[in-house]
Amino acid sequence: MRWSDDSYTQKAESAGWDNPEKILAVERPDWQLDGACRIAPDAAIFFPSPGDTEALRAAKAMCGGCPVVQECLEYALGNNERYGIWGGKSTRERLLMLRAKRMLEAGEA
Ligand code: SF4
């Protein structure tokens with residue numbers, strides 16, 4: 001889906017993404033206050049471009065020393081976060097974890 005897609009824009013507006021007051025009203029879990037990334041000099045490393053292994057490694061290294069890494073990963077898995085590094089795992093890694101969990105729950109593994 002393209003960002004300029006009209007139906008996407010309508011959905012974003014109905015979700016309140018065009019309203020800064022609604023965006024700021026989103027509750028953040030308390031554990032985020034303890035995240036090591038809150039003081040990261042470059043938060044963009046948590047959203048590396050495809051193939052940017054340097055940023056990916058830097059983000060994972062920071063997650064590796066984060067006191068809330070488990071909470072972060074569980075939050076991302078539970079909320080189906082699609083973008084970025086969460087709990088030291090990339091989007092692809094999280095999708096594989098969710099798939100493995102589904103297979104285990106279905107008795108397929
Ligand atoms: S685990 Fe990584 S992404 Fe999550 S709060 Fe810690 S540093 Fe940030």
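All ligand and atom numbering here is 1-based and tracks the order in the structure.
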key: R38 versus D34, closest heavy-atom pair with distance   = CD-N, 4.4 Å
task = Measure the shortest side-chain to side-chain distance between R99 and L95 over non-hydrogen atoms and say whether it is less than 4.5 angstrom.
result = no
key: Polar protein atoms near atom 8 (Fe) of ligand 1 [N, O or S; cut-off under 2.8 Å]   = C37 SG
task = Step through the shown structure and confirm whether more than 12 heavy atoms of other residues, nucleotides or ligands are within 6.0 Å of CD on E54.
result = no
query = When you look at CG of N79, are more than 12 heavy atoms from neighbouring residues, nucleotides or ligands closer to it than 6.0 Å?
reply = yes
inquiry  = Minimum heavy-atom separation for M97 and L77, please, with both atom names.
reply    = CE-CD1, 4.1 Å
request  = Taking side-chain hydrogen bond (donor to acceptor under 3.5 Å, both in side chains) as the test, write out the residues that go with Q32, two or more places apart.
outcome  = none
